[in-house]
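Positions are given from 1, in the same order as the sequence printed here. Note that the structure is a prediction, hence the values are computed from the model and not measured.
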Amino acid sequence: MTEVNNSDELFADVNGITLCYQTFGDPKGKPLLLIMGLATQMIHWDPRFCQKLVDQGYWVIRFDNRDIGKSTILHDQKKPTFFSVAANQFFGKKLHVPYNLHTMASDAVALLDHLNISTCHLVGVSMGGMIAQCVAIDYASRVASLTSIMSTTGDRALPKAKNAVILKILQPPPKETQAFLRYSLKLWKMLHGKHFKFDKQKISQLLQHARERSFNPDGVWRQTCAILASPDRTQALHYVKVPSLVIHGDADPLVPVECGIATAAALQNSELMIIKGMGHTLPEEAWDQMINGIVKLAN
């Protein structure tokens, strides 16, 4: 195993905002862009996960999406009200949002432009998987392969999380630091599930680091609304021809496994990897299985 040569946190002024990003490995390697999910920062891509990809010959880039981490926080943008979201979900009324998933996809491509990357391998998790799908739909020539992890197509007819899980996710987080960390740890444990070991100390440290880097509940709500306001991608995914891998846990409490199955079915050139016992996190015990799938796909 080689040692990762990771960069400091860097910044790119792209697409009318500033994105914070970091690279791992040799820039001469095959570029691979990691896209993180809702309410999570680039640091949620574990450096050891990145190292495993570097060891396979990739130049790995991770970044903070807009409205999270050290990327631009859109304080001047109004956040949709809870009632407007409810009207959208229950009555199909249009949800007016400052940006949607396709906007976030254009952010990712603008970062590739900044790095002079013409084509790259995409790996996205949860909302990041949705963004990666949008990149493959909107910018097909820029994508060498697509890996969508514990994500979905946006089809509202697909199974949803149980109400108890949804209510927990939508609950406003406490502002006081220690209360926030207790809340976040409990939420993370629920999403992780019971099959794989839950490393309380490691996750607590990660949550502490994330809390120190950025605390922006309004941005998380805008990201949530970006998901809700984006159209169903099922038909558009039929035209995506790049090699694709869909990874999903069969115990995902937030995005049911049927959503992953539907994503794989929508893509023409896809493989489906269902990981037994995996919830809505990236358990270390499953890293090698995931990375072997990504490497097989990308070669």
**Study point:** No-hydrogen, no-angle side-chain donor-acceptor test under 3.5 Å, R222 and Q77
**Key:** no

Review point. Would one find more than 12 heavy atoms of other residues, nucleotides or ligands at under 6.0 Å from atom CD of Q201?
Key: no

Practice item. Identify the two heavy atoms, one from C225 and one from P80, that lie closest to each other, and give their separation to 0.1 Å. Key: SG-CG, 3.6 Å

Practice item. Of all the heavy-atom pairs spanning A161 and L254, show the shortest one and how long it is. Key: CB-O, 3.2 Å

**Study point:** Non-neighbouring partners of K30 that pass side-chain hydrogen bond (donor to acceptor under 3.5 Å, both in side chains), sequence neighbours left out
**Key:** N299

Practice item. Please report the C-alpha distance between S214 and N216 in whole Å, then the side-chain angles of each, then the deciding distance to 0.1 Å, and finally whether the side-chain hydrogen bond (donor to acceptor under 3.5 Å, both in side chains) criterion is met. Key: CA-CA 6 Å; S214 173; N216 178 38; 5.6 Å; no

Check your understanding: In chain order, what residues pass the side-chain hydrogen bond (donor to acceptor under 3.5 Å, both in side chains) check against T103, with sequence neighbours excluded?
Key -> N100

**Study point:** Cationic N near anionic O, under 4.0 Å, R142 to D113
**Key:** yes

Exercise for review: Show your reasoning for whether side-chain contact (heavy atoms from CB on, under 4.5 Å) applies to M278 and Q289.
Suggested key: CA-CA 12 Å; M278 188 173 86; Q289 184 180 353; over 6 Å; no

Study note, to complete from the structure: All heavy atoms of G249 vs all of V257, minimum pair found to be O-CB, 3.6 Å

**Study point:** Residues forming a ring pair (Phe, Tyr, Trp, His ring centres under 6.0 Å) with F63, sequence neighbours excluded
**Key:** none

Point to revise | Step-by-step side-chain contact (heavy atoms from CB on, under 4.5 Å) determination, W45 to V60 | key: CA-CA 11 Å; W45 290 109; V60 178; over 6 Å; no

Practice item. Evaluate the side-chain contact (heavy atoms from CB on, under 4.5 Å) criterion for residues E271 and L297: first the C-alpha distance (whole Å), next the side-chain angles of each, then the deciding distance (0.1 Å), finally the verdict. Key: CA-CA 9 Å; E271 295 184 15; L297 176 77; 5.6 Å; no

Check your understanding: By salt bridge (Lys or Arg N to Asp or Glu O under 4.0 Å), which residues pair with R66, not counting sequence neighbours?
Key -> D107

Practice item. Name all residues meeting the ring pair (Phe, Tyr, Trp, His ring centres under 6.0 Å) criterion together with H121; count only those two or more places apart in sequence or in a different chain, and write none if there are none. Key: Y58

Check your understanding: With no hydrogens and no angle check, is any side-chain donor or acceptor of N65 less than 3.5 Å from a backbone partner on M36?
Key -> yes

Exercise for review: With sequence neighbours excluded, give me every side-chain hydrogen bond (donor to acceptor under 3.5 Å, both in side chains) pair touching residues 182-195.
Suggested key: H192-T281

Review point. Rounded to the nearest 0.5 Å, what separation is found between the CG atom of D13 and the NE2 atom of H114?
Key: 8.0 Å

Review point. In Å, rounded to the nearest 0.5 Å, how long is the span from CG of L74 to CG of D67?
Key: 4.5 Å

Practice item. For A136 and V143, work out which heavy atoms get closest and say how close. Key: CA-CG2, 3.9 Å

Point to revise | Chi angles and distances behind the side-chain contact (heavy atoms from CB on, under 4.5 Å) call for L112, V135 | key: CA-CA 11 Å; L112 297 181; V135 174; 5.7 Å; no

Review point. Quick one: are N292 and K296 in side-chain contact, heavy atoms under 4.5 Å?
Key: no

**Study point:** Straight-line distance of T23 OG1 to D8 CG, nearest 0.5 Å
**Key:** 9.5 Å

Practice item. Check ring pair (Phe, Tyr, Trp, His ring centres under 6.0 Å) between H238 and all other residues, then give those that pass, not counting sequence neighbours. Key: none

Exercise for review: Apply salt bridge (Lys or Arg N to Asp or Glu O under 4.0 Å) to E284 and list each qualifying residue two or more places apart in sequence or on a separate chain.
Suggested key: R48, K202

Review point. Does any non-hydrogen side-chain atom of L185 lie less than 4.5 Å from one of F198?
Key: yes

Review point. Is the shortest heavy-atom distance from the side chain of P253 to the side chain of K162 under 4.5 Å?
Key: no

Review point. With a 4.0 Å cut-off, would you call K52 and D288 a salt bridge?
Key: yes

Practice item. Heavy atoms only: give me the nearest C20-M42 pair and the separation to one decimal. Key: SG-CE, 3.8 Å

Check your understanding: What pairs with T40 under side-chain hydrogen bond (donor to acceptor under 3.5 Å, both in side chains), at least two apart in sequence or on another chain?
Key -> none

Point to revise | Any N269 side-chain heavy atom under 4.5 Å of V242 side chain | key: no

Review point. Between H96 and S84, is any pair of side-chain heavy atoms under 4.5 Å apart?
Key: no

Check your understanding: Which heavy atom in G260 sits nearest to a heavy atom in V246, and how many Å separate them?
Key -> O-CG1, 3.3 Å

Review point. Got a sec, which residues hit side-chain hydrogen bond (donor to acceptor under 3.5 Å, both in side chains) with D199, two or more places apart in sequence or on another chain?
Key: none

Point to revise | Set of residues satisfying ring pair (Phe, Tyr, Trp, His ring centres under 6.0 Å) with respect to F215, sequence neighbours excluded | key: F180

Practice item. List in chain and number order the residues that pass salt bridge (Lys or Arg N to Asp or Glu O under 4.0 Å) with D218, two or more places apart in sequence or in another chain; answer none if no residue qualifies. Key: K79

Exercise for review: With the side chain counted from C-beta on, respond yes when M150 and V125 share a heavy-atom pair under 4.5 Å apart, and no when they do not.
Suggested key: yes

**Study point:** The single option from N116, L122, L115, I117 passing side-chain contact (heavy atoms from CB on, under 4.5 Å) against P31
**Key:** I117

